[in-house]
Amino acid sequence: MEYIHLAFTAFYQFGDAFAFLVLSAMGLAVIFGMMGIINLAHGEFIMCGAYVTVATARLGVPLPIAMLCGSLAAGILGIVLERTIIHRLYHRPLDSIVATWGISLILTQGTLIVLGSSMAGISTPLGSFSVGGYSYSTYRMVLLGVAVLLLIGLYVLFHHTTFGIHSRATIQAPHMAKAAGIDTGRMYSLTFGLGAALAGLAGALYAPTISIVPTLGANFLVESFVTVVVGGADVFLGTAPAAATLAVIKAFLTGWQGQLMGQVGLLITVMVVIRILPQGLSGWLLKGRT
Amino acid sequence: MGMLQREDLKASRPDGRMPGWLRLINGPQTLGRGPLFWIVFALTIGAAVVYPAFADAWSVGNTAYFFCWVFMALGLSLIWGYAGSLSFGQTAFFGLAGYTYGVVTINFGAAYGLTIVGVLLGVGMSCLGAAVLGYILFYGRISGVFLGIVTLSTTLVFATFMAQTAGSQWAIGDARLGGDNGMTGMPPLTIPWAGGDIALYSGVPLYYLLLAMLVICYLGLRVLVNSRFGNVLVAIRENPHRAEMLGYDIRRYQLIAFVIGSGLAGLSGVLYTAWGQYISPSNMDLAAAALPIIWVAVGGRKDLTATLVGTLVVLGIFQNLTIFGSYYAFVIMGLLLVIVVVFLPEGLIPGLVKFFGRFRKRKEGMS
Amino acid sequence: MKYSTIQRTATLSTLLAGSLVTSASANDPIQIGVLEDQSGNFAAVTQAKVNAIELAAEEINEAGGIAGREVELVIYDTQSDDRRYQELMRRVLQRDQVDTVFAGFASSSREAYRPIVNQFDGLAFYNNQYEGGVCDANMIVTGAVPEQQFSTLIPWMMEKYGPNVYTIAADYNFGQISAEWVRQIVEEEGGEIVGEEFIPLDVSQFSQTIQNIQGESPDFVVTLLVGSNQASYYEQAASADLGLPMASSVNVGQGYEHKRFAPPSLENMFVTTNFIEEVDTPEANEFVEKFYERFPDTPYVNQEAANSYIAMYLYKQMVERADGSTDKEDLRNVIAEGDVCFDGPSGRVCLDPKSQHMSHNIFLAQVDENHEISFPETWENIEPYWLGENGCDLTQNDPSAQYTPSSPPNE
């Protein structure tokens with residue numbers, strides 16, 4: 001019984017960290033990993049998702065639908081920003097740091113001005129369960145399930161649908177894609193919107209568990225960049241192994257040495273990975289194929 | 001680039017009479033070369049020199065405070081604008097140098113010009129730190145965005161570590177690191193003087209000292225970027241592979257630029273620490289680390305003059321927005337950043353220069 | 001070591017202003033600088049401070065001002081950014097030449113501006129609950145400090161729930177120093193610290209921590225968590241059904257978590273605070289009523305709002321007792337008399353001359369499953385004793401430093 005319990009504990013902590021890393025990084029993996037835009041407004045897409053979710057849920061809308069609304073709102077916001085600003089920056093990715101930083105300032109402060117400095121939250125659904133005398137939050141396990149499903153869904157989307165193939169073609173070889181009759185501008189918008197919607201979904205899913213304040217997106221920023229950089233350019237082959245690796249490291253260090261080492265460990269892992277695998281894990285995994 | 005070359009030819013004639021090193025001040029890698037530029041330059045210096053006579057004490061001290069930050073921006077212009085390596089680590093070296101200054105001066109006091117030793121040791125420490133980190137990065141062939149991410153990670157690790165050093169066990173000699181509250185109690189810059197040391201709090205003497213340092217630093221960097229070394233840096237920025245094919249060890253050039261640029265961030269760090277008698281992890285965190293990038297990118301990173309002017313302009317605008325803009329300060333700042341990046345891709349200063357240049361040409365054309 | 005140029009400038013401006021100064025000062029408004037974070041991370045808790053100061057200023061002006069002079073506020077938004085405190089503190093002291101400054105939420109902000117207040121020999125009020133230990137003649141602190149909050153809270157909790165204590169604290173000065181206080185008091189009272197965990201400020205995920213707490217099965221948990229990231233702990237602990245009583249010096253009273261989180265995540269949270277809007281005394285009710293009447297959009301009237309309001313009246317009293325002088329030394333001479341007290345929203349409070357900190361009535365607030373507040377206990381007139389007992393005496397000398405329990409002033 002003791003071993004079962006220990007194994008479950010390790011699995012729960014790993015799963016919790018894994019879900020957080022995957023969900024917070026997924027949107028960035030599309031926008032930064034695939035499109036090369038250094039999106040410092042990533043946190044604000046997450047914030048948008050969380051705010052819309054909480055607001056609609058408090059109006060009485062069932063939580064899962066409220067979450068979809070949150071994700072959708074972030075996606076629409078993403079498409080609008082892409083059409084107005086981001087599409088001008090594809091050929092100079094480093095400038096996107098400044099532009100998205102500016103967008104982030106506007107969105108954070110705009111939320112503060114319009115909606116006030118904080119918003120009443122909603123409860124975490126689904127209660128708890130216990131294993132070997134310890135109790136655990138059920139919702140956390142649901143998050144893990146959602147993270148895994150999303151990873152699979154994205155893999156299918158990018159590798160087995162027309163949208164995915166057009167999108168990857170547009171980003172890897174825009175001129176060829178255009179020559180082949182793909183509306184590349186639209187593909188860029190949709191891909192960016194997808195990234196924003198995924199970020200919004202992260203905010204929506206975590207909304208019940210965090211404080212609803214305009215600066216909440218900053219909670220996710222470091223973890224998401226770390227995961228994407230370790231993962232490299234491929235959304236599925238990068239994010240999944242990177243999140244898994246980092247989750248093991250984080251869960252282990254946090255359990256062993258406390259939260260500080262968990263945080264520092266993540267950052268040191270990034271430095272080591274970049275030093276030995278400059279293309280990230282997906283670059284390394286894909287090397288055998290090309 | 002075409003416009004710059006044309007100006008090259010124009011400017012090359014009067015240079016003939018200058019000694020070699022001085023000619024470099026005027027060389028090809030910096031905007032502003034003609035006599036008009038140097039007249040404006042001299043007038044600006046003149047205006048800056050007489051400024052304290054006309055401004056109130058706060059404005060003078062505040063301008064001196066702005067000067068503290070410019071070194072860091074110039075350093076980033078060298079690393080990023082000239083050598084093409086995006087560093088998110090300026091504030092790490094800023095902090096490292098600031099803390100070093102604190103440790104040295106708190107332990108050994110301010111007498112006998114020891115604060116100047118503190119400044120030198122602070123800058124030295126940041127150069128050393130940059131040499132170690134830079135060696136790992138550049139000799140590991142890390143470039144582009146990844147360079148930015150690794151330097152940012154380094155900065156965040158350092159800031160996170162310093163934030164938890166509140167306990168009394170975290171002390172170097174008498175200097176307590178102070179955790180997130182930061183380190184206080186270091187003396188301001190003190191110049192040894194017959195008849196009593198002069199402590200340079202934020203006032204007129206500090207203003208003149210920083211102005212002089214800034215002019216020397218600016219002209220020195222102009223010489224550097226126009227020298228053979230600077231030309232190689234620009235070659236690396238434009239096309240690293242070609243530079244390598246031509247036989248340059250690009251890693252060495254990038255490393256040297258990184259060390260010098262980070263040393264300048266260190267200089268900013270000690271000056272800021274001495275100015276406010278305070279340094280803390282919040283001077284290094286994510287929000288702080290993005291600031292130098294914003295100043296440099298908005299000003300125009302590929303040119304020293306643009307960086308210098310742009311940094312001062314951005315600092316001034318942001319501060320005034322904070323003072324007068326109330327809630328809307330951040331919104332307006334954000335809008336300004338987006339507008340500059342979208343419509344003036346070269347940066348604010350080169351963009352404006354170009355705009356007015358075109359305007360002038362059109363007027364000439366009409367007449 | 002005061003600075004020659006400031007003196008020179010001061011002399012120059014005195015010369016320029018000449019005789020105007022003496023004649024004008026009797027009618028000129030008294031200017032009070034207000035540097036608070038109305039944007040950024042801390043906005044949720046500090047907006048009420050600004051409003052409280054505005055409310056007090058309006059009341060004072062309606063009643064004839066301070067010593068017959070009108071009160072004028074010079075308000076800046078410091079954006080939760082320590083550098084803005086440095087810049088704007090210099091601005092209010094040097095350009096606006098205010099008579100006093102009310103400034104700061106985060107301890108790091110206070111430490112950032114304190115050297116500047118010292119350089120210009122100004123007078124600043126810090127109206128925030130904090131980790132304690134600032135012994136500086138240029139500072140007056142009206143917020144509660146650890147000895148006031150923990151010497152009351154911890155023994156009460158141990159008696160009610162048992163001697164085994166688990167502390168989770170923010171991994172920076174406030175959290176570490178407060179945890180040190182908790183440890184000391186628990187040991188004095190014969191209890192045991194079964195676990196102690198420090199959490200970096202940017203952490204918002206607590207699964208491992210929740211499990212560690214379950215592993216040690218303490219009688220109650222001391223939560224010294226700070227900021228919006230760490231506030232996520234309560235919801236996460238509740239959803240994992242941790243179910244332990246919590247004790248805190250910082251929650252509810254400052255960040256009104258019981259209003260912001262859906263019940264019952266804060267159930268059985270016990271907080272010692274010197275004021276919250278639920279305090280049910282005639283003075284408190286009157287204050288809260290006035291507050292909502294003037295600022296109907298206020299999310300919550302927290303302890304910092306009350307302290308800022310009280311500080312305004314303390315300042316008024318000090319200036320009036322110093323015959324209208326706003327000179328720092330004249331005001332400190334008034335404080336040295338030892339009876340600068342005010343009967344305000346939280347009852348009677350007094351300034352301690354040795355540390356220039358304030359005594360408080362400490363209310364024990366208990367949060368129930370519907371997030372309603374009750375007060376099982378109140379302690380009257382708890383002194384900020386620690387600095388004074390350990391060698392800080394501002395009536396004798398001014399070290400201008402911050403001390404901690406492990407490095408007290410007399411060491």
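Fair warning: this is a prediction, and the values are worked out from it, not measured in the lab. Just so it is clear: chains get the letters A, B, ... in the order the sequence lines come, proteins before strands, and each one is counted from 1.
If you run side chain to side chain contact (heavy atoms under 4.5 Å, CB included) between A:W101 and each of B:V338, B:L337, B:V341, only B:L337 comes through.
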Subject >> side chain to side chain contact (heavy atoms under 4.5 Å, CB included) assessment of B:Y328 paired with A:I113 >> reply: CA-CA 8 Å; B:Y328 298 97; A:I113 293 170; 3.7 Å; yes
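Nearest heavy atom pair, residue A:I97 against residue B:I293, reads CG2-CG2, 4.4 Å. In this structure, B:V331 and A:I106 approach most closely via the heavy-atom pair O-CG1, 3.6 Å.
Residue A:L107 does not touch chain B at all, counting heavy-atom pairs closer than 4.5 Å. For a residue to count as touching a neighbouring chain, one of its non-hydrogen atoms must lie under 4.5 Å from one of that chain's; by this rule B:V340 does not touch chain A. Proximity to chain A is absent for every atom of B:A163, based on heavy atoms less than 4.5 angstrom apart. With a 4.5 angstrom heavy-atom cutoff, B:F88 touches chain A only via side-chain atoms. Both the backbone and the side chain of B:I136 have a heavy atom closer than 4.5 Å to some heavy atom of chain A. Of the two parts of B:L156, the backbone and the side chain both hold a non-hydrogen atom closer than 4.5 Å to a non-hydrogen atom of chain A. Heavy-atom distances place no part of B:T151 under 4.5 Å from chain A, backbone and side chain included.
For B:R252, the CZ atom counts as loosely surrounded, since its 6.0 Å shell holds 12 or fewer non-hydrogen atoms of other residues, nucleotides or ligands. Shown here is B:Y139, whose OH atom has more than 12 heavy atoms of other residues, nucleotides or ligands within 6.0 Å.
The residue among A:I103, A:L105, A:V226 with the most heavy atom pairs within less than 4.5 Å of chain B is A:L105. Note: B:L335 leads B:L335, B:T160, B:I339 in heavy-atom pairs under 4.5 Å with chain A.
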